[in-house]
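The next block holds one structure in the form of structure tokens; read it before the comments.
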Amino acid sequence: MFWRVFPTSALRAVVQPESVKKIQLITDGACLGNPGPGGWAAILRYGASKKEVYGCEPHTTNNRMELTAAIEGLRTLKEKCEVEVITDSEYLKNGITQWITAWKKRNWMTSQKKPVVNRDLWEELDEQVARHQTKWSWTKGHASHEDNNRADELASMAAREQRSS
């Protein structure tokens, strides 16, 4: 058996965790009709900094916009971060934290042996989540969470802009 002795300073460098930024990502999706014109929004918070991103699609569903908001919010981050994703969508939260593992084991089939709806977006979200350390939190929509209300406002605005264009 061979043992190598490291100076204390070298050991500290090996054991110390790398410093990652802690980000809050608040997401929401909206749809005018379901399906219909849709919008998504993501708010990123890092310390005192805040960034808002949003977009729209001409013909989509609310669930697709919820997924897109999370994907685009995570895609905005250029380095590995510790991210708390806050959503008012139980579909989004449960899908990524509970259902996705079984879907992948069953080759993207549900427990009822039907293809997973929005598979393309679930796969993209899975890729984005793998880049970060994520924690998922649910908040009640249209309630007291200021950033969730702002994300809803931005997503709804994007959907209205899509409808009028």
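Throughout, residue positions are numbered sequentially from 1 according to the sequence presented.
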Problem set entry | Basic-acidic side-chain contact under 4.0 Å: D126, R119 | no
Exercise. If you measure from the Lys or Arg side-chain nitrogens to the Asp or Glu carboxylate oxygens, is any gap between K21 and E79 under 4.0 Å?
Worked result: yes
Exercise. Would you call T101 and K105 a side-chain contact if the rule is heavy atoms closer than 4.5 Å?
Worked result: yes
Exercise. Within a strict 4.5 Å, meaning less than it, do heavy atoms of the S137 and V85 side chains meet?
Worked result: no
Seminar exercise, completed: The salt bridge (charged side-chain N to carboxylate O under 4.0 Å, His left out) partners of E57 (sequence neighbours excluded) come to none
Exercise. Quick check: are there more than 12 heavy atoms from other residues, nucleotides or ligands sitting under 6.0 Å from CD of Q98?
Worked result: yes
Shared hydrophobic cluster for [X] and [Y] (ILVMFWY, side-chain gaps under 4.5 Å):
X	Y	answer
W138	L92	no
I86	V83	no
L154	L32	no
I26	I71	no

Exercise. Counting distance only, does the side-chain N/O of T110 pair as donor-acceptor with the main-chain N or O of K114 below 3.5 Å?
Worked result: yes
Problem set entry | Whether H132 side chain and C81 backbone form a donor-acceptor pair below 3.5 Å | yes
Exercise. Looking at CG of L67 and CD1 of I96, how far apart are the two atoms once the value is rounded to the nearest 0.5 Å?
Worked result: 8.5 Å
Non-neighbouring partners of [X] that pass side chain to side chain donor-acceptor pair (under 3.5 Å), sequence neighbours left out:
X	result
T97	none
Q133	none
W122	Y91

Excluding sequence neighbours, so at least two apart, what forms side chain to side chain contact (heavy atoms under 4.5 Å, CB included) with [X]?
X	answer
P35	H59, T61
D88	D28, E66, T139, N148
M109	R106, P115

For this session: Work out which heavy atom in M65 is nearest to a heavy atom in G38; give both atom names and the distance.
Result: SD-C, 3.6 Å
Exercise. Taking only residues two or more places apart in sequence or in another chain, which ones pass ring-ring contact (aromatic ring centres under 6.0 Å, His included) with W136?
Worked result: none
For this session: Could you name each residue pair satisfying salt bridge (Lys or Arg N to Asp or Glu O under 4.0 Å) that touches residues 152-165, not counting sequence neighbours?
Result: R150-E153
Problem set entry | salt bridge (Lys or Arg N to Asp or Glu O under 4.0 Å) pairs, two or more places apart, involving residues 136-145 | none
Donor-acceptor list for residues 39-51 side chains, cut-off 3.5 Å, not counting sequence neighbours:
unit_1 : atom_1 : unit_2 : atom_2 : d
R45    : NE     : D147   : OD2    : 2.6
R45    : NH2    : D147   : OD1    : 3.2
K50    : NZ     : E52    : OE2    : 3.4

Seminar exercise, completed: So side chain to side chain donor-acceptor pair (under 3.5 Å) across residues 67-78, not counting sequence neighbours, yields E72-R75, R75-E124
